[in-house]
Participant: 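Here it is, the structure in full.
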Amino acid sequence: MIELRDVVYCRLGTTDLAGAEWYAVNILGLEVAERRKGAVYFKSDARAHTLCYFEGDPTDQMTAFEIGTAQDLHTAGATLEALGHDVYYGTRAECEARMVREFIRFRDPTGNVIEFVLRPETTGLDYHGSRNAGITGFSHVGLCSSDLARDEHFWTSVCNARVSDRIGDAPLMRLGTIHHSIALFPFHRAGIQHINHQVGSTDDIQRSFHFVRENQVNITFGPGAHPTSSAEFLYFTGPEGMTFEYSTGVREIHDEPAWRDRQFHFEPKGFCHWGSAPQIAAFKK
Ligand SMILES: O=C/C=C/C(C(=O)O)=C(/O)C(=O)O
Ligand SMILES: [Fe+2]
């Protein structure tokens with residue numbers, strides 16, 4: 001069993017790095033941690049970075065998860081290879097570009113590019129966004145899945161994810177105590193379906209709702225409340241069509257052995273109990 005600790009960063013290719021930086025700072029509310037040749041790194045919490053935009057193909061998207069020890073990372077590589085995945089071991093320069101000690105890269109069964117990383121850097125310092133979006137940190141990722149049952153099996157049997165709830169057959173899966181760090185949603189191609197940042201309060205959700213709308217950003221869902229995690233949310237569109245989510249109040253699961261995954265409808269009421277309907281392809285039948 002591959003023991004993942006947490007989701008740690010996303011890397012997104014962009015054909016307009018300056019535009020992506022403008023959006024990440026002025027709309028999303030992240031802080032530029034560092035600019036390097038062809039890449040900008042963003043902070044959303046104490047970690048050195050949780051998002052990187054790099055010059056490249058916008059379909060080039062990676063999600064990284066932390067593994068505890070070098071031994072575990074190498075064992076994970078061998079496990080994945082034995083299952084037929086091509087596993088790439090990152091070079092020193094690629095590790096530096098990710099601010100990690102070591103990493104491996106492979107594709108999950110849908111074809112999503114996944115990195116398992118060792119010792120991602122942290123700063124121990126809070127982040128300070130110039131726009132006060134109230135962000136408390138990068139929290140979860142939604143991944144596209146071309147076969148939900150197959151991919152749930154991968155994340156829960158090969159890796160240590162546990163299903164907290166399902167919307168239809170779409171699993172919301174936890175790695176620690178947070179209700180979900182990975183969610184899978186049905187879609188015909190691989191890629192990151194949405195990127196979630198937690199914000200401090202309902203006030204932040206409501207202020208951002210008005211802020212993003214006034215800045216002509218496309219709101220695709222919300223404000224609303226997820227019956228699954230109890231989080232209040234807002235979804236909106238970012239560079240190259242990426243969906244970003246703010247949410248607040250995500251459920252924590254501390255009664256680990258006692259928790260039973262619950263079944264929700266794959267229709268608007270399963271996604272929101274305030275009555276908002278998603279304008280997001282992967283959230284619709
Ligand atoms: O609308 C479905 C999404 C549910 C949740 C949640 O329960 O918080 C998410 O944030 C998610 O799946 O990404
Ligand atoms: Fe989400």
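In each ligand, atom 1 is the first atom listed, and ligand 1 is the first ligand listed.
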Participant: Considering only NZ, NE, NH1 and NH2 on the basic side and carboxylate oxygens on the acidic side, decide whether E21 and R35 come within less than 4.0 Å.
Facilitator: yes
Participant: Can a non-hydrogen atom of V250 be found less than 4.0 Å from any atom of ligand 1?
Facilitator: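 It does not, in that no heavy atom of V250 comes within the 4.0 Å cut-off of ligand 1.
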Participant: Starting from atom 11 (C) of ligand 1, locate the nearest protein heavy atom and write down its residue, its atom name and how far away it is, to 0.1 Å.
Facilitator: H180 NE2, 3.2 Å
Participant: Under 4.0 Å from a heavy atom of E245: which atoms of ligand 1 are those, numbered in the order shown and with their elements?
Facilitator: 10 (O), 13 (O)
Participant: Could you check atom 3 (C) of ligand 1 against the protein and tell me its nearest heavy-atom contact, residue, atom and distance included?
Facilitator: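 Protein heavy atom at minimum distance: H226 CE1, 3.2 Å.
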Participant: Less than 4.5 Å apart, side chain to side chain, heavy atoms only: is that true for L143 and Q193?
Facilitator: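 No, their side chains stay 4.5 Å or more apart.
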Participant: Whether E256 and R174 form a salt bridge (side-chain N of Lys/Arg under 4.0 Å from carboxylate O of Asp/Glu) is what I want to check.
Facilitator: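 Between E256 and R174 there is a salt bridge, with a charged N closer than 4.0 Å to a carboxylate O.
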Participant: Which protein non-hydrogen atom lies closest to atom 7 (O) of ligand 1, naming both residue and atom, and how far is it?
Facilitator: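 Looking only at protein heavy atoms, the one closest to atom 7 (O) of ligand 1 is T228 OG1, 2.3 Å.
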Participant: Can a side-chain donor-acceptor contact be found between H180 and D165 if the only test is distance below 3.5 angstrom?
Facilitator: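 No, H180 and D165 have no side-chain donor paired with an acceptor closer than 3.5 Å.
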Participant: Between S276 and G222, is there a donor-acceptor pair closer than 3.5 Å when you use the side chain of the first and the backbone of the second?
Facilitator: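 Flag set: sc S276 to bb G222 pair under 3.5 Å.
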Participant: Using a 4.0 Å heavy-atom cut-off, which part of I167 comes near ligand 1: side chain, backbone, both, or neither?
Facilitator: side chain
Participant: Once you restrict to heavy atoms under 4.0 Å, what part of F264 touches ligand 1? Side chain, backbone, both or neither.
Facilitator: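 None of F264 does.
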Participant: Is there a donor-acceptor contact under 3.5 Å linking the side chains of H49 and E31?
Facilitator: no
Participant: Using heavy-atom distances only, which candidate in E232, Q198, H179, H194 approaches atom 13 (O) of ligand 1 most closely?
Facilitator: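 Among E232, Q198, H179, H194, the closest heavy atom to atom 13 (O) of ligand 1 belongs to H194.
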Participant: Can you sort out which atoms of ligand 1 are near H140, meaning under 4.0 Å from one of its heavy atoms?
Facilitator: 9 (C), 10 (O), 11 (C), 13 (O)
Participant: Which protein non-hydrogen atom lies closest to atom 8 (O) of ligand 1, naming both residue and atom, and how far is it?
Facilitator: S229 OG, 2.5 Å
Participant: Identify whether the distance between the nearest side-chain nitrogen and carboxylate oxygen of R47 and E121 falls below 4.0 Å.
Facilitator: no
Participant: Can you name the closest pair of heavy atoms from D6 and S181 and give their distance?
Facilitator: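 Scanning both residues, the minimum pair turns out to be OD1-OG, 3.9 Å.
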Participant: Please compare Y235, F233, F271 and report which has the shortest non-hydrogen distance to atom 2 (C) of ligand 1.
Facilitator: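 Closest candidate by heavy-atom distance is F271.
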Participant: Students often mix this up, so state it plainly: with edges at 30° and 60°, are the rings of H194 and F185 parallel, tilted or perpendicular?
Facilitator: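 Plane angle between 30° and 60°, so tilted.
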Participant: I'd like to check which ligand 1 atoms, numbered from 1 as shown, lie under 4.0 Å from a non-hydrogen atom of A183.
Facilitator: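 Answer, ordered by atom number: 12 (O).
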Participant: If you measure from the Lys or Arg side-chain nitrogens to the Asp or Glu carboxylate oxygens, is any gap between R36 and E34 under 4.0 Å?
Facilitator: yes
Participant: Under 3.5 Å, is there a donor-acceptor pair linking the side chains of Q206 and D204?
Facilitator: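 No.
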Participant: Please give me the protein atoms (N, O or S only) lying under 2.8 Å from the Fe ion (ligand 2), ordered by chain and number.
Facilitator: H140 NE2, H194 NE2, E245 OE1
Participant: Is there a side-chain contact between L4 and I67, using heavy atoms and a 4.5 Å cut-off?
Facilitator: yes
